[in-house]
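All values derive from a computational prediction rather than experimental measurement.
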Amino acid sequence: MKRRYWIRPKALWALAGLLALVALLGACAGAEPTATPTSTPTPTTAVGPAPTPTPRPSPTPTPTPRIVVVATPTPTPTPGAVKPTVREPKGSITFASGPLSAYSHSPDRRFSVAADSFFQGLAFEWLVGVTPDHQLVSMLAESWESPDNGHTWIFKLRKGVKFHNGKEMTAEDVAASFNSAAAVGTGTSAAWPRSNLTPFEVVDQYTVRTSLKTEGRRMFVPAYLSRSSWTAQVVSPKEMFEKYPDKPWPVSDAIGTGPYRLVEVVRGEKMRGVALDPKTDWTHWRIVPAFKEVIVRPVKEDGTRIAMLKTGAADLIDVPTALKKEVAAFTNVSAKGGATAGLINHEGMDAEVSKWWKVKEVRMALNLAIDRQEIADFLFNGEADPIAAMHFSPGTEGFDPSLQPYPYDPVKARQLLKDANYDMNYVWNIWLRGMGGVPELQSLGEAIAAKWEQELGVKTKLIPTDATVTGNLMDKHDPSIVGQFVTFRSTNHPDVSLPIVTFSADPELYGRHELNPWHGTAPTHDNIVALGAESNPKERDRIARELQRYLYDNYIHVQGWSVNVLYAYNPKTVGKFTPLQGSTYLNFLEYIEPSS
């Protein structure tokens with residue numbers, strides 16, 4: 001495995017661990033370090049994804065180890081400074097998105113799911129940014145630090161950033177955004193912060209602070225508040241939350257700091273953003289987009305999206321791997337290893353109503369009855385690789401190449417079921433839940449069920465569904481879903497702790513009873529907490545490998561495949577589009593360049 005964590009967010013942890021050691025040695029020697037201010041770079045126009053952050057130590061006079069992580073501010077023009085050389089956004093571009101069709105389409109992040117960031121990212125921004133190769137960089141937070149080794153986090157905000165109404169963003173707005181989401185939000189940006197973080201406090205006009213709720217717990221919180229994280233809240237003016245304290249605001253009142261104004265949201269039909277005009281508005285602090293108008297259309301049917309691309313009704317689409325030959329005439333790009341996919345058995349490891357998934361021999365048998373390479377070749381058209389354990393594909397933190405995917409051995413699988421006295425009349429529910437970025441997910445559930453019936457005679461019931469239905473059933477512990485299967489995919493993240501917590505942990509860590517293998521405390525609980533708290537990259541790698549080994553040895557999931565996420569665009573209208581690697585989420589629409 002290539003040690004890429006020196007250029008990834010893990011490098012921030014490496015620096016943090018080194019700083020902690022330096023601080024401790026200095027204290028022992030009687031010479032404590034003093035804080036060194038950092039200079040602000042000369043502003044220049046940025047027209048591409050933010051550069052790699054360069055962490056710089058800024059120790060404070062304290063005898064205890066201290067994590068201090070300072071992200072290099074992105075060089076940008078001063079907000080409000082209109083220069084003749086700044087380009088003018090022109091023209092319109094349209095994206096057709098399959099994953100977006102299944103979600104809420106709310107212009108208010110408090111009440112939306114992660115996939116809505118497809119269009120919200122045009123108008124809103126996060127505290128922490130991310131580059132196409134998944135490195136964390138500064139965004140609305142210019143820097144971040146922890147005075148107590150990862151329990152409390154302080155974010156220094158970028159000065160001079162304007163909301164769409166012309167007001168400057170301050171700490172009051174940031175605190176209101178996060179605290180309102182935690183108090184009344186129902187979306188994916190609300191559950192994790194509400195369960196894990198204390199309310200955001202205003203330290204001064206450009207500084208906010210939050211801590212982990214659990215005493216003594218440590219975690220690299222900036223990764224969880226970044227653009228690529230489904231737990232992250234965006235920032236809007238404080239007045240918005242006073243005007244709409246407990247219900248979503250209409251698109252006419254949607255105000256963010258992004259390079260586009262969100263001007264139209266018609267659920268199920270389109271989302272439209274119009275770029276800030278450097279001449280009549282101001283120069284955005286981060287990017288002046290090439291296109292004046294961006295339209296995002298949720299289109300569920302794969303064939304319809306492809307037809308839209310071919311007829312010019314769409315300039316860029318996401319493409320199922322099985323249909324990539326249909327768009328061979330267009331430019332194709334992919335997010336490599338964008339997701340890991342498989343089946344999760346909800347709370348089946350220890351719930352009282354779970355019958356057979358508790359039995360390890362049954363879990364082993366169901367896994368051995370699947371020909372993973374066959375599914376990778378035919379269902380995913382060669383754009384997937386079998387993997388040993390969910391969340392862990394080549395390049396992921398803690399990936400252990402010595403672990404091989406489960407072999408295809410239906411003979412042994414049948415014997416395991418016989419030895420376990422498995423009831424061949426038992427029927428498994430397989431909830432075919434679609435999730436963004438892997439349009440083949442429901443077909444994957446069907447393929448697995450067919451293999452079980454063919455090789456083992458195992459009975460299944462296929463139930464097409466969506467995230468809202470399954471989420472409600474899971475939270476209510478409905479017996480139709482507890483101990484039963486749900487198709488799922490786990491997108492990658494700068495901190496591997498997050499997908500593990502979301503899909504392979506217990507309800508205490510995730511913050512709710514949804515998509516968890518366990519009903520009570522998981523055997524992996526302490527290791528997951530330790531991984532989230534650890535600053536040394538070598539130790540993080542060791543803990544992550546232990547977690548991967550546990551998922552593998554105990555057959556926690558029906559696992560798994562590492563799947564590429566494909567996009568196709570018309571080279572006559574789009575000159576360049578760079579997706580977020582290791583992710584199922586469509587990002588960086590504001591950075592798309594036109595054809596020359």
Side-chain angles (χ1 to χ4, degrees), residues 95-100 102 115 118 132-134 228 299-306 309-310 314 316-343 370-396 399 401 404-406 408 432-448 450-451 487-493 499 557-571 574 577-588:
F95 308 91
S97 168
L100 184 59
F118 285 9
D133 57 354
H134 240 148
S228 63
V299 181
K300 182 179 181 180
E301 295 78 15
D302 302 330
T304 302
R305 293 197 307 280
I306 292 173
L309 181 65
K310 290 181 176 180
L316 184 149
I317 65 171
D318 54 89
V319 184
T321 56
L323 297 177
K324 67 177 183 179
K325 292 182 180 179
E326 293 292 323
V327 294
F330 298 88
T331 304
N332 287 226
V333 293
S334 65
K336 299 293 184 181
T340 57
L343 296 185
I370 301 168
D371 189 337
R372 287 169 175 75
Q373 191 60 56
E374 179 183 65
I375 288 177
D377 291 340
F378 294 100
L379 178 62
F380 292 109
N381 207 9
E383 292 288 346
D385 295 303
I387 54 174
M390 293 301 299
H391 321 303
F392 293 92
S393 53
T396 303
F399 174 73
Q404 296 300 308
Y406 301 134
Y408 175 46
L432 304 176
R433 167 175 166 158
M435 298 182 73
V438 184
E440 304 86 358
L441 199 58
Q442 292 171 311
S443 297
L444 176 62
E446 294 172 351
I448 291 172
K451 207 68 177 177
T487 53
F488 83 110
R489 65 100 183 98
S490 171
T491 189
N492 284 332
H493 188 267
H557 302 297
V558 180
Q559 50 197 12
W561 294 263
S562 176
V563 185
N564 299 334
V565 179
L566 303 185
Y567 303 94
Y569 61 80
N570 187 344
V574 176
F577 168 62
T578 304
L580 175 59
Q581 297 300 306
S583 175
T584 59
Y585 293 104
L586 182 64
N587 263 296
F588 308 131

Check: [Y] and [X] side chains under 4.5 Å, non-hydrogen atoms:
X    : Y    : result
D318 : L586 : no
K336 : Q581 : yes
W561 : L444 : yes
V327 : I306 : yes
P571 : F330 : yes

Measuring from L441:CG to L432:CG, what's the distance to the nearest 0.5 Å?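 Reported to 0.5 Å precision, the distance equals 8.5 Å.
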
Roughly how far apart are F95 CZ and L309 CG, rounded to 0.5 Å?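 Separation between the atoms: 12.0 Å.
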
Given E374 and Y408, is the side chain to side chain contact (heavy atoms under 4.5 Å, CB included) satisfied, shown in steps? CA-CA 10 Å; E374 179 183 65; Y408 175 46; over 6 Å; no

For a quick test of reading the model, state the closest non-hydrogen atom pair linking [X] to [Y] and the distance between them.
X    : Y    : result
G445 : T487 : CA-CG2, 3.7 Å
V558 : I448 : CG1-CD1, 4.2 Å
R305 : P320 : NH2-CD, 3.7 Å
R489 : A339 : CD-CB, 3.9 Å
T578 : F588 : O-CD1, 3.4 Å

With a 4.0 Å cut-off, would you call K451 and D371 a salt bridge?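 A salt bridge is absent here (no side-chain N lies under 4.0 Å from a carboxylate O).
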
Validation: residues 562-570 side-chain donor-acceptor distances under 3.5 Å, sequence neighbours left out:
unit_1: N564; atom_1: OD1; unit_2: G337; atom_2: N; d: 2.9
unit_1: N564; atom_1: ND2; unit_2: E383; atom_2: OE1; d: 2.7
unit_1: N570; atom_1: OD1; unit_2: K572; atom_2: N; d: 2.9

Name every donor-acceptor pair, under 3.5 Å, that has one atom in a side chain of residues 384-394 and the other anywhere in the protein, sequence neighbours excluded.
unit_1: H391; atom_1: ND1; unit_2: S490; atom_2: OG; d: 2.8
unit_1: H391; atom_1: NE2; unit_2: S504; atom_2: OG; d: 2.5
unit_1: S393; atom_1: OG; unit_2: T396; atom_2: OG1; d: 3.3

Does NZ in K300 sit with more than 12 non-hydrogen atoms of other residues, nucleotides or ligands closer than 6.0 Å?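 Atom NZ in K300 is not packed in, count stays at 12 or less.
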
Could you tell me which residues satisfy side-chain hydrogen bond (donor to acceptor under 3.5 Å, both in side chains) with [X], sequence neighbours excluded, listed by chain and number?
X    : value
T331 : none
N332 : none
S583 : none

Q559 side chain to G342 main-chain N or O, any donor-acceptor pair under 3.5 Å? no

Could you tell me whether the side chain of T491 and the main chain of T584 form a donor-acceptor pair under 3.5 Å? yes

Among pairs that include at least one residue of residues 432-447, which meet salt bridge (Lys or Arg N to Asp or Glu O under 4.0 Å), considering only residues two or more places apart or in two chains?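 Matches after skipping sequence neighbours: R433-E514.
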
